[in-house]
> 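Here it is, the structure in full.
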Number of protein chains: 2
Amino acid sequence: MTDTARSPATLEEVAALAGVSRSTVSRVVNGSTAVSEEALAAVQHAIETLSYVPNRAARSLARRQTHAIALVVPEDTTRFFGDPYFAAIVTGIHTRLSRSDYVLNLFIASDDPGDKTTSYLLGGNVDGAIVVSHHTSDTYVDRIASAVPLVFGGRPVRDRDHDHYVDVDNVAGGRDATQYLIDKGHRRIATITGPHDMPAGIDRLRGYRQAMSAAGLPEFAVEDGNFTSLGGADAMQRILDTGARPDAIFVASDLMAGGALNQLAAAGLRVPEDVAIIGFDDSPIAVATTPQLTTMRQPSLEQGQVMAGVLLELLSGREPRRVTILDTELVVRESA
Amino acid sequence: MTDTARSPATLEEVAALAGVSRSTVSRVVNGSTAVSEEALAAVQHAIETLSYVPNRAARSLARRQTHAIALVVPEDTTRFFGDPYFAAIVTGIHTRLSRSDYVLNLFIASDDPGDKTTSYLLGGNVDGAIVVSHHTSDTYVDRIASAVPLVFGGRPVRDRDHDHYVDVDNVAGGRDATQYLIDKGHRRIATITGPHDMPAGIDRLRGYRQAMSAAGLPEFAVEDGNFTSLGGADAMQRILDTGARPDAIFVASDLMAGGALNQLAAAGLRVPEDVAIIGFDDSPIAVATTPQLTTMRQPSLEQGQVMAGVLLELLSGREPRRVTILDTELVVRESA
DNA sequence: CTGAAAGCGCTAACAT
DNA sequence: ATGTTAGCGCTTTCAG
């Protein structure tokens with residue numbers, strides 16, 4: 001089985017076979033209407049028999065655009081890569097892109113100013129970028145933004161009111177989750193939050209506070225769980241250690257809720273009987289815990305799709321809406 | 001803040017500024033030694049002040065190579081994308097690649113013969129590909145393989161004894177996990193398996209069988225859990241429904257183990273007291289369950305790195321070892 | 001050690 | 001409707 005890796009056919013060859021000029025072939029390849037029936041047929045046939053696929057590099061060079069878009073994941077975020085949330089985002093982006101002829105380049109970027117990723121993007125090697133931004137400090141984002149159109153996943157920490165982004169309504173999500181607990185008759189409602197330098201963390205806490213104060217309830221306990229399983233467990237333990245006995249907890253992510261569940265079990269507390277738990281995300285982990293998590297679902301797949309869609313519009317010169325906010329949805333299972 | 005998106009500097013401009021020819025600049029950019037001290041210094045300075053970054057398209061066109069590699073995820077696999085295993089693989093690949101000047105293109109491929117992904121890869125748009133292959137039916141892989149160097153994540157289903165791949169030792173992993181249970185004094189050991197068309201599923205079951213028969217123990221119960229949480233739960237339920245009462249279960253993935261745990265809890269069975277559970281993967285989910293999972297860790301991040309490394313060697317013309325097998329490792333937590 | 005020149009495969013005016 | 005002609009930015013002989 002010798003690799004007869006014949007180098008791919010070129011426009012030139014197609015033209016020769018079809019008996020037309022390169023221009024004509026180029027026209028049909030690019031869907032121009034100004035081509036006669038016969039020429040079209042001949043070219044299509046030639047393309048078929050030669051299995052012609054346009055050479056991307058040549059096309060990029062001539063058109064001065066790459067038809068590639070970058071997905072940039074800040075390095076700090078890679079520890080969250082294990083979060084199914086990302087998988088859904090990526091899948092969503094890819095789904096949307098597969099209907100276009102853009103390809104997706106994946107970058108995991110450090111904040112290093114001399115960074116390879118940054119200079120790559122700045123070097124005109126992609127047409128646009130999607131940044132799944134989580135943290136406050138990402139200065140390189142500004143530099144990228146000056147070179148190519150950008151869309152953010154999640155509200156940028158420093159909202160410069162000209163950035164495009166798509167986010168879920170974290171405030172409403174936090175509020176609704178907490179309200180659900182209140183409606184169930186709970187009064188001593190604690191919360192385990194995400195980090196305070198991430199909008200998602202900040203906003204969900206804000207939602208909790210809104211619901212609590214609207215109900216005339218005092219904040220019972222607020223602990224930072226850092227969006228990780230371990231962080232959630234630690235936060236739970238800290239609450240327990242103070243001697244506080246909440247009858248319900250709004251936990252700002254399922255991963256953290258999972259961790260909290262462990263501590264609760266270890267402490268001999270039953271969920272939801274002794275304390276109700278509501279998570280956030282509706283990640284796969286939500287059905288793997290015991291009891292399964294009641295949670296606020298965020299449409300991550302859709303978020304990915306929309307982000308890609310917005311970027312595509314930007315690239316096509318249209319002016320899409322600057323911010324898109326997706327709704328969260330309560331998913332009731334066992335824990336609350 | 002007007003976007004002064006000046007188009008990136010070109011070789012030509014660098015050459016002009018440095019007072020040399022394009023060739024010379026090209027030489028220093030590509031690390032040729034045959035350049036005088038002065039020329040070198042001048043060029044480096046020019047590059048610096050112009051923030052010159054080579055245009056990838058132009059370079060690709062001239063060199064006839066793209067410096068891009070594709071990560072191909074079969075579409076069937078996207079449902080497993082939620083599996084943290086993938087996240088780790090991707091991170092590993094990227095880690096290795098970031099030390100090279102290759103970029104990563106992400107593809108989620110359907111089996112459609114006229115598929116965009118396939119023709120893209122066949123069109124010479126990437127220099128090589130990594131296929132995270134899981135299923136039996138992926139015919140398009142053959143076509144890709146005929147066009148570019150390939151490395152597989154996991155043993156290809158149809159091992160054609162010339163494919164490069166890197167895998168973990170699933171047989172040994174399954175065997176060791178089962179043996180651990182045996183050593184703990186368990187005798188009625190069941191197993192929940194992965195799908196029978198995936199090598200990982202097949203091999204882990206094989207390992208279970210080896211350990212059981214070596215210990216002179218009969219297979220207690222074998223149910224297919226499909227590598228998903230729900231599948232694991234169903235399989236567990238089927239075992240329970242037969243009236244069988246295993247005292248331990250080797251579950252071939254953590255996700256499935258999570259599902260099984262739920263059924264066990266619902267049935268009023270305590271883990272590990274009534275039945276010990278050992279999972280596989282050491283995925284993040286393993287610490288989110290109650291009790292936390294004892295499991296066989298597979299080094300997914302390393303697997304990603306090695307895959308990328310092998311492909312890079314292939315691309316550089318060297319001949320790396322054809323198959324690399326990584327070890328699994330027992331992680332003892334609470335469930336067994 | 002360095003420069004000139006000829007492409008790489010494609011697009012995009014500009015003619016015709 | 002179609003062909004001709006310049007490039008796009010870089011690499012790479014080939015001379016010098």
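Here is how names work: the chains are called A, B, and so on, in the same order as the sequence lines, proteins then strands, and each is numbered from 1.
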> Rounded to whole angstroms, how far apart are CZ on B:Arg59 and P on D:dC8?
19 Å
> Rounded to the nearest Å, what distance is computed from the CG atom of residue B:Asn125 to the C1' atom of nucleotide C:dG9?
12 Å
> What's the closest nucleotide to the A:Asn55 side chain, out of D:dC10, C:dC10, C:dT2?
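Selected nucleotide: C:dC10.
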> Output the rounded distance in Å from CD (A:Glu37) to C1' (D:dT2).
15 Å
> How long is the straight-line distance from CD1 of B:Ile108 back to OG1 of A:Thr95, given to the nearest 0.5 Å?
6.0 Å
> Looking at the side chain of A:Ala58, which of C:dT2, C:dC10, D:dT2 is the nearest nucleotide?
C:dC10
> Nearest to the A:Thr10 side chain among C:dG9, D:dG3, C:dT2, which nucleotide is it?
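Nearest listed nucleotide: C:dG9.
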> Below 4.0 angstrom from OP1 or OP2 of D:dG3, is there any side-chain N or O of A:Thr24?
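Yes, such a contact exists.
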> Does A:Ser36 put a side-chain nitrogen or oxygen below 4.0 Å from OP1 or OP2 of D:dT2?
yes
> Indicate, yes or no, whether a donor-acceptor pair under 3.5 Å links the base of C:dA12 to the side chain of A:Ser23.
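Yes, the side chain and the base share a sub-3.5 Å donor-acceptor pair.
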> Between the side chains of A:Arg64 and B:Asn55, is a donor N or O closer than 3.5 angstrom to an acceptor N or O?
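Note: A:Arg64 and B:Asn55 side chains miss the donor-acceptor criterion.
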> What nucleotide among D:dT2, C:dC1, D:dT11 has an atom nearest to a side-chain atom of B:Asn30?
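Among the listed nucleotides, the one closest to the side chain of B:Asn30 is D:dT11.
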> Mark yes when over 12 heavy atoms from residues, nucleotides or ligands other than A:Arg318 sit less than 6.0 Å from its CZ; otherwise mark no.
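More than 12 within 6.0 Å, yes.
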> Is there a donor N/O on one and an acceptor N/O on the other, under 3.5 Å, for the side chain of A:Arg22 and the base of C:dT11?
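Yes.
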> From the set C:dC1, C:dC10, D:dC8, return the single nucleotide nearest to any side-chain atom of A:Leu61.
D:dC8
> Regarding A:Asp127 and A:His67, do their side chains bring together a donor and an acceptor under 3.5 Å, going by distance alone?
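There is no such pair between these side chains.
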> Could you give the CG-to-C1' distance, from B:Leu40 to C:dT2, as a whole number of Å?
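Whole-Å distance recorded here is 14 Å.
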> How many Å lie between CZ on B:Arg63 and P on C:dA6, as a whole number?
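Result: 22 Å.
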> Base, sugar-phosphate, or nothing for B:Ser26, non-hydrogen atoms under 4.0 angstrom?
base
> Looking at OG1 of A:Thr118 and CZ of A:Arg143, how far apart are the two atoms once the value is rounded to the nearest 0.5 Å?
5.0 Å
> On the side chain of B:Arg64, is there an atom forming a donor-acceptor pair with the base of C:dG9 - under 3.5 Å, no angle test?
no
> Within the 4.0 Å heavy-atom criterion, would you say A:Ala39 contacts the bases, only the backbone, or no part of the nucleic acid?
sugar-phosphate
> Can you tell me the distance, in whole Å, between the CG atom of B:Leu11 and the P atom of C:dA4?
14 Å
> Which sits closer to the 5' end of DNA chain C, A:Arg27 or B:Val20, going by the nucleotide each is nearest to?
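Its nearest nucleotide being more 5', the pick is B:Val20.
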